Colleague: 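Questions regarding the structure given below will be posed in turn.
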Amino acid sequence: MRRRKACAGSTTLAATLALLLVALTFITVYLFVTKKWWFPPAITSFGHEVDAQFFRTLIITGIVFVASQLGLAYAVFRFRDQGQKAKYSEGNQTMEVLWTGATIVLFVGLGIMARSAWAEVHFRPASPGALQVEVTGQQFAWNFRYAGPDGKFGRLKPELVNASGGNPLGLDPADPDGKDDVVVPVMAVPVNREVELLLRSQDVTHAFFVRELRLKQDTVPGMLIRVHFTATETGTYEIPCAELCGLGHYRMHSTLTVMNDADFQKWLKEQAAANQ
Ligand SMILES: [Cu+2]
C-alpha cells in the first residue's frame with residue numbers, strides 16, 4: 001500500500017494557524033495586563049474584596065488560558081498532516097484524574113476565599129444605625145424612599161399606586177408614619193455611613209446595580225431583599241437596571257450621589273419640601 005506524501009501546504013497552514021493562536025493569546029494577555037478596558041475604581045471595602053477575588057481568579061484562569069492556548073498551537077503544528085496514519089488513543093487516566101482534581105481544588109479554593117465577602121453583604125445584617133433606603137423597581141424607573149425624621153416607613157397600598165398622580169409607590173395618606181416619607185427618582189447617601197437597601201419590585205424582576213459599589217442584586221416581585229454597603233468616596237454614579245425587564249429596559253436608570261453628611265441632610269430636607 002502506498003503512503004500519502006507529506007504536502008508542503010499543510011505545513012504552511014499549520015504554522016499560520018499556530019502563529020495566529022500565539023498572537024491572539026498575547027493580544028488577550030496584553031489587554032488585561034495594560035488594563036485597556038477596566039472597571040471604574042471601587043468605592044466600598046466590599047468592592048476592594050471583590051476586585052481582589054477577581055484578580056485571583058484572573059491570575060489562575062490566565063495561567064491556564066495561556067498554557068492551554070500555547071499547548072494547542074504546539075499541537076496544531078506538531079501533529080500537522082504529514083501523510084501519517086491517524087492513531088487511536090485510549091486517553092491517559094492519570095492525567096484525567098490530575099486535571100479534574102486540580103480543577104476541583106482551584107474552584108473550591110476560590111469559593112472558600114470569596115466566602116467572607118459574600119457573607120458580608122448577604123448574610124450579615126446591616127448594623128442598627130444604618131440609613132435605610134427603600135428601592136423600588138418598576139417598568140421602567142427606579143424610585144427611592146427615605147423614612148423621614150420619624151425613621152418609619154409608611155404603609156403602602158398597591159391600589160393607590162398612581163405614578164402620574166405623584167404617588168408611584170402607593171403611599172397610604174391615612175398612615176401617619178408615611179406623612180414624612182420622601183419618595184424621589186434619584187438616590188443620595190452620606191459618605192462613610194452604612195446604608196441598608198430594601199429592594200422591591202412592582203412588576204417584573206429588575207436588578208439594582210452600581211458598578212462602583214460592586215453591588216448587583218435582583219429586585220423580585222413579592223420579596224423584600226436587604227443588602228447593605230458603606231460608600232467611602234463622594235461622587236455621582238449610575239444605577240442602571242441590570243436585568244432585561246421589557247422593551248424600555250435600556251432607559252431604566254437613575255443616579256446614586258454620595259455626599260458628605262451635611263450636604264445629604266440638606267438634600268433630604270429639600271426633597272422633603274418638594275414632596276409636600
Ligand atoms: Cu428593569
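As the structure is a computational prediction, the values presented were derived from the model and not from experiment. Counting convention: from 1, in listed order, for ligands and their atoms alike.
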Colleague: Is Glu212 reaching over with its side chain to a backbone N or O of Pro40, donor-acceptor style, under 3.5 angstrom?
Modeller: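 Not at all, since once roles are kept as given, no pair shorter than 3.5 Å links the two residues.
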Colleague: Any Lys/Arg nitrogen of Arg211 or Glu238 sitting under 4.0 Å from an Asp/Glu carboxylate oxygen of the other?
Modeller: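 Looking at Arg211 and Glu238, the cut-off is not met.
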Colleague: Need one value: angle at the Cu ion (ligand 1), Met252 atom SD versus Cys241 atom SG, rounded to 10 degrees.
Modeller: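 Vertex at the Cu ion (ligand 1): approximately 110°.
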Colleague: Can a donor-acceptor pair be found between the side chains of Thr230 and Arg193 at a distance below 3.5 Å?
Modeller: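 No - no donor-acceptor pair under 3.5 Å links their side chains.
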Colleague: Report the atom name of the nearest N/O/S atom of His206 relative to the Cu ion (ligand 1).
Modeller: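 Of the nitrogen, oxygen and sulfur atoms in His206, the Cu ion (ligand 1) lies nearest to ND1.
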Colleague: For the side-chain hydrogen bond (donor to acceptor under 3.5 Å, both in side chains) test, which of Arg200, Gln138, Glu134, Gln202 pairs with Asn143?
Modeller: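 Going through Arg200, Gln138, Glu134, Gln202 one by one, the side-chain hydrogen bond (donor to acceptor under 3.5 Å, both in side chains) with Asn143 is satisfied by Gln138 alone.
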Colleague: For a distance under 2.8 Å, tell me if His249 has an N/O/S atom near the Cu ion (ligand 1).
Modeller: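 Of the N, O and S atoms in His249, none lies under 2.8 Å from the Cu ion (ligand 1), which means no.
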Colleague: Just checking: Thr205, one of its N/O/S atoms, less than 2.8 Å away from the Cu ion (ligand 1), yes or no?
Modeller: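 No - counting backbone and side chain alike, Thr205 has no N, O or S atom under 2.8 Å.
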